[in-house]
Each structure stands twice: as structure tokens, then as C-alpha cells.
**Student:** 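This is the structure I have questions about; it appears just below.
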Amino acid sequence: MMGAGPARGALVLVGTPIGNLADLSPRAVDALAGADLICCEDTRRTGRLLQHAGIDRPALRTVNDHTEVRAVADVVRRVASGERVAVVSDAGMPGISDPGERLVRAVIAEGHAVEVVPGPSAVVAALVVSGLPAGRFVFEGFLPRKGSARSSRLDALAAERRTAVLYEAPHRLARTLVDLVDARGGERRVALARELTKLHEEVWRGTLAEAVVWAGDREPPGELVVVLEGAPEAPDADDPAIEAELRRALAAGVSARDAAAEVARSLGVAKRRAYALVTDLDPEGEAG
Ligand code: SAM
């Protein structure tokens, strides 16, 4: 269906505010008021939003990371039988670092309708307010917390040309900024968009190295999004060019591991690639 008129039997993804309740759209209110069931992460939180919108006695069901898989069959059955099932998350757009995606896929797979009532999302809000190029960007969500999953995502970010948008928990911000400096160097520009649409909204802008100082001086700064400038548009360094730089660093007495990190940073190539090359040049050097 191309128009906005309600079809019977649909899964309806509804965007909700990321802080300021006035951002709840009239269309979102209609969609929630007209739903036979509202799937939400937290019934108390969504209950407060519905109360604010004047929606009485809605049927709510908890669908969070733990329960989404179990909810799928029932939601598909309801949509198939002609019900309108709304999906909201605690804030912003469902399916963006929040539950919803599995429901969408299952409903599509069974040939039923999925509709969207777009609303605020921290990724887009932070990107456009950052002042960094928004023409092409990548959304990273939350970085993996540790291990090789984290380091390979950091490596990929080091080489990424597009502006990158990351979500981060306040108490992990300082650590993540240090890891980003390690992977990408301190000169890259960054914006930290915190408490968007709320009373203490603030957008800090500077370099990654300055951001480490900013974050280190502060209490955990509330909900925030990290927006990172992409890697400079330089032609990719080829292997001989990387090896030449690695030889220069090794000859200056730098350890293989530090040489790889330094060269990855200065040439804007993935650390993993520099490590592989330095290991060939200096097999005893324990670069990895
Ligand atoms: N579904 C949401 C959306 O569309 O933006 C994102 C949910 S995710 C679980 C929560 C993360 O979004 C937070 O850790 C923070 O990175 C970001 N976030 C949400 N609200 C925010 C706000 N008002 N200001 C800054 N960041 C926010």
C-alpha cells in the first residue's frame, strides 16, 4: 500500500521521543491509540508515555532483547488475523539498537504488512547537529565491549572514510575515546552529542585527543552519541609504502607492535594490516 491510510492487519513501527515528550507526533499518538496491542520494552515507561498522550487502557506486551524471539509467533498470528500491532522502544525508533527487527522480518516473511510512523532517533539527531559531513555516514550502534570483535571494529573505523556514528553508555565513554585515539590517532574531529532534546542538551566538538581530556574531567555525562570524522580522502597506501614506513620505525628502535600502531595511524590503514606486514618483516618481534 502506498498511502498512509491504515490497512487492517499490520505491524506498525512507531518512533517515540528520545527525551522531550513534545516530540511525540500526532501520527504516533493515532497509531498507538488505534493499536490492538502495543509491544514495548518496558510497560511502565511506555505506560507513562501513553498516559501523557491521553491514551487509556492500552494492551501492552513486553518485547525486549530477551523476549522478542518468543513474541514473534504470537505477533505474526495477530497480524494475520487482522490486528494492528504497534512496536515502540524505550526511546527513538524501534529496531535501532533496540528490539523490533526480528518482528519486522517475521511479519514480512509471512507476507503481511509492515508500516512505519517515523520519529526521533538519536543517530540522525546527533549526526545533523555535529557539524561533520552528513552526506555519507555509517552507523555503528554500540561497539562490542571487548576482545577481537571490538578491535576489528575499531580497525575498520580507523580506515572508514565516511562519518561514523556510535552509541555509547556514559560510563564507557572515556575508555572508548582512548581506544579510538589508539586506532585512529588523536587529530580526527569528533562531536559528543549528549542529552539531546533534554534540559541539559550539549554538543561538544573538538579533536579525539581533546575529547579524551573532556571525558576524563567529567562525571558520566548522561545519554550520548559519538560522531566521528571519517578518514582523510587519501589514496590507500599500498603494501610497499606501508613496509617502507615500518622499516623506518623498526630501524629507529621502535618495537614491532608500536611500529605497526604508529604506521597504521600515520597512513590511515587498518592496524590489522600493519601488524600482518610487520610480522613478515620482523617475525621475532611479537607484533600482535
Ligand atoms: N532506539 C534509539 C534511537 O532510535 O536512537 C536508541 C536506543 S539505544 C538502546 C540508547 C542509546 O541511544 C544511548 O546509549 C545513547 O547512545 C543514544 N541516545 C538515546 N537518547 C539520547 C539522547 N537524548 N541524547 C543522546 N543520545 C541518546
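None of the values given here were measured: they were computed from a predicted structure. Along the sequence shown, residues carry numbers from 1. When a ligand or atom number is given, it counts from 1 through the structure's own listing order.
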**Student:** To check your reading of the model: name the closest protein heavy atom to atom 18 (N) of ligand 1, its residue, and the distance in Å.
**Tutor:**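 Result for atom 18 (N) of ligand 1: A122 CB, 3.5 Å.
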**Student:** Any atoms of ligand 1 less than 4.0 Å from a non-hydrogen atom of A193? List them with their elements.
**Tutor:**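 The list of qualifying atoms is 25 (C).
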**Student:** Any carboxylate oxygen within less than 4.0 angstrom of a Lys/Arg side-chain nitrogen, looking at R84 and E115?
**Tutor:**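 E115 and R84: salt-bridged.
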**Student:** Any salt bridge linking E245 with R248? Criterion: basic side-chain nitrogen under 4.0 Å from a carboxylate oxygen.
**Tutor:**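 Yes.
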**Student:** May I ask you to identify the nearest protein heavy atom to atom 14 (O) of ligand 1, giving residue, atom name and distance to one decimal place in Å?
**Tutor:**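 Going by distance alone, atom 14 (O) of ligand 1 is nearest to F142 CZ, 3.4 Å.
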**Student:** Test your reading of the structure: does I96 have an N or O sitting under 3.5 Å from an N or O of ligand 1?
**Tutor:**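 Min N/O separation from ligand 1 is below 3.5 Å for I96.
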**Student:** So does D155 pair up with R273, basic N to acidic O under 4.0 Å?
**Tutor:**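 Answer for the salt bridge query: no.
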**Student:** I need the atoms of ligand 1 closer than 4.0 Å to a non-hydrogen atom of S121, numbered in the order shown.
**Tutor:**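 This gives 3 (C), 4 (O), 5 (O) as the contact atoms.
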**Student:** Could you identify the single nearest non-hydrogen protein atom to atom 5 (O) of ligand 1 and state the distance to 0.1 Å?
**Tutor:**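 Of the protein heavy atoms, Y167 OH, 2.7 Å lies nearest.
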**Student:** Looking at R77 and D74, is there a salt bridge between them, counting it only when a charged N and a carboxylate O are closer than 4.0 Å?
**Tutor:**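 Yes.
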**Student:** Would you mind checking which non-hydrogen protein atom is closest to atom 20 (N) of ligand 1, with the distance to 0.1 Å?
**Tutor:**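 Nearest neighbour among protein heavy atoms for atom 20 (N) of ligand 1, to 0.1 Å: E223 OE1, 3.2 Å.
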**Student:** Nearest protein heavy atom to atom 22 (C) of ligand 1, by residue and atom, and its distance?
**Tutor:**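 Answer for atom 22 (C) of ligand 1: L196 N, 3.6 Å.
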**Student:** Check whether any heavy atom of A91 sits under 4.0 Å from an atom of ligand 1.
**Tutor:**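 Judged by the 4.0 Å heavy-atom criterion, A91 does count as contacting ligand 1.
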**Student:** Between the main-chain N or O of S130 and the side-chain N or O of R205, is there a donor-acceptor pair closer than 3.5 Å?
**Tutor:**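 Yes; judged by distance alone, with no hydrogens or angles, the pair exists.
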**Student:** So, does E110 use its side chain to make a donor-acceptor pair with the main chain of A80 at under 3.5 Å?
**Tutor:**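 Absent.
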**Student:** Enumerate the atoms of ligand 1 whose separation from the nearest heavy atom of E168 is less than 4.0 angstrom.
**Tutor:**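 The atoms of ligand 1 under 4.0 Å from a heavy atom of E168 are 14 (O), 16 (O).
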**Student:** Is E101 paired with R105 through a side-chain N to carboxylate O contact shorter than 4.0 Å?
**Tutor:**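 The answer is yes: the pair qualifies as a salt bridge.
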**Student:** Which atoms of ligand 1 are found less than 4.0 Å from any heavy atom of G92?
**Tutor:**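 Once the distances to G92 are compared, the set is 3 (C), 4 (O).
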**Student:** Can you check whether P221's main-chain N or O pairs, donor with acceptor, with R194's side chain at less than 3.5 Å?
**Tutor:**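 A pair under 3.5 Å: yes.
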**Student:** Could you tell me whether A169 approaches ligand 1 through its side chain, its backbone, both or neither, with non-hydrogen atoms closer than 4.0 Å?
**Tutor:**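 It is neither part, as no heavy atom is under 4.0 Å.
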**Student:** Assess whether a salt bridge exists between E160 and R153, defined as any Lys/Arg side-chain N lying under 4.0 Å from an Asp/Glu carboxylate O.
**Tutor:**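 R153 and E160: not salt-bridged.
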**Student:** Heavy-atom contacts under 4.0 Å between K198 and ligand 1: side chain, backbone, both, or neither?
**Tutor:**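 It is the side chain that touches ligand 1; the backbone stays farther off.
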**Student:** When you look at CZ of R218, are more than 12 heavy atoms from neighbouring residues, nucleotides or ligands closer to it than 6.0 Å?
**Tutor:**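 Counting other residues, nucleotides and ligands, CZ of R218 exceeds 12 neighbours.
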**Student:** Which atoms of ligand 1 sit under 4.0 Å from any heavy atom of E195?
**Tutor:**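 Ligand 1 atoms under the 4.0 Å threshold to E195: 23 (N), 24 (N), 25 (C).
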**Student:** Enter the distance from R189:CZ to T163:OG1 here, rounded to the nearest 0.5 Å.
**Tutor:**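 R189 atom CZ to T163 atom OG1 measures 8.5 Å (nearest 0.5 Å).
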**Student:** Hey, which atoms in ligand 1 end up nearer than 4.0 Å to a heavy atom of L224?
**Tutor:**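 So the atoms of ligand 1 that pass are 15 (C), 16 (O), 25 (C), 26 (N).
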**Student:** With heavy atoms of I18 as the reference, note each atom of ligand 1 found under 4.0 Å away.
**Tutor:**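 Within the 4.0 Å cut-off of I18, ligand 1 contributes 20 (N), 22 (C), 23 (N).
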**Student:** So is D98 polar-close to ligand 1, meaning N/O to N/O under 3.5 Å?
**Tutor:**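 Looking only at distances, the answer is yes, because the N/O contact criterion of under 3.5 Å is met.
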**Student:** So which heavy atom in the protein is nearest atom 26 (N) of ligand 1, and how far is it from that ligand atom?
**Tutor:**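 Protein heavy atom at minimum distance: V225 CG2, 3.3 Å.
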